[in-house]
Amino acid sequence: MVEALHWQKSTYSGGAEGNACVELAASPTHVHLRESDTPATALTTSPAALAHLLEGIRANAGH
């Protein structure tokens with residue numbers, strides 16, 4: 001049996017109107033990301049890979 005994912009809206013989405021939100025769900029071994037306006041399409045990655053991506057974004061944010 002496949003367990004349903006519990007999707008959470010990003011706090012950075014703020015009070016955006018409509019479906020302009022980023023949502024995240026965690027499973028035991030993966031992190032899932034999707035846009036709320038296209039919920040059937042999701043990006044699945046490992047927590048380590050997502051952490052590495054975010055670290056790179058933060059490091060280059062001021063450049």
Side-chain angles (χ1 to χ4, degrees):
M1 177 171 79
V2 176
E3 187 173 325
L5 295 173
H6 175 70
W7 292 96
Q8 295 179 297
K9 180 177 150 182
S10 169
T11 57
Y12 287 100
S13 294
E17 299 221 5
N19 291 328
C21 304
V22 174
E23 298 175 325
L24 180 130
S27 64
T29 58
H30 293 90
V31 178
H32 311 273
L33 299 120
R34 70 182 184 186
E35 290 188 46
S36 55
D37 61 344
T38 55
T41 303
L43 170 70
T44 300
T45 189
S46 70
L50 180 59
H52 185 71
L53 172 65
L54 294 174
E55 181 181 304
I57 292 169
R58 288 183 190 116
N60 292 304
H63 296 106

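Everything numeric in this text was worked out from a predicted model, so none of it was measured. Just so you know, these numbers use all the heavy atoms, side chains as well, and skip hydrogens, waters and symmetry mates.
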By side chain to side chain contact (heavy atoms under 4.5 Å, CB included), which residues pair with Ala51, not counting sequence neighbours? none
Before accepting this row, confirm whether a basic side-chain N of the pair Arg34/Glu23 lies closer than 4.0 Å to the acidic partner's carboxylate O. yes
Do any N or O atoms from the side chain of Thr45 and from the backbone of Val31 form a donor-acceptor pair under 3.5 angstrom? no
Quick one: does Ser27's side chain have a donor or acceptor within less than 3.5 Å of a partner on His30's backbone? yes
Can you name the closest pair of heavy atoms from Thr29 and Pro47 and give their distance? O-CD, 3.6 Å
Within the 3.5 Å criterion, strictly below it, is a donor on Thr44 or His32 matched to an acceptor on the partner's side chain? yes
CG/Leu24 to CG/Leu33 distance, rounded to the nearest 0.5 angstrom? 5.0 Å
Any side chain to side chain donor-acceptor pair (under 3.5 Å) pairs touching residues 48-60, not counting sequence neighbours? none
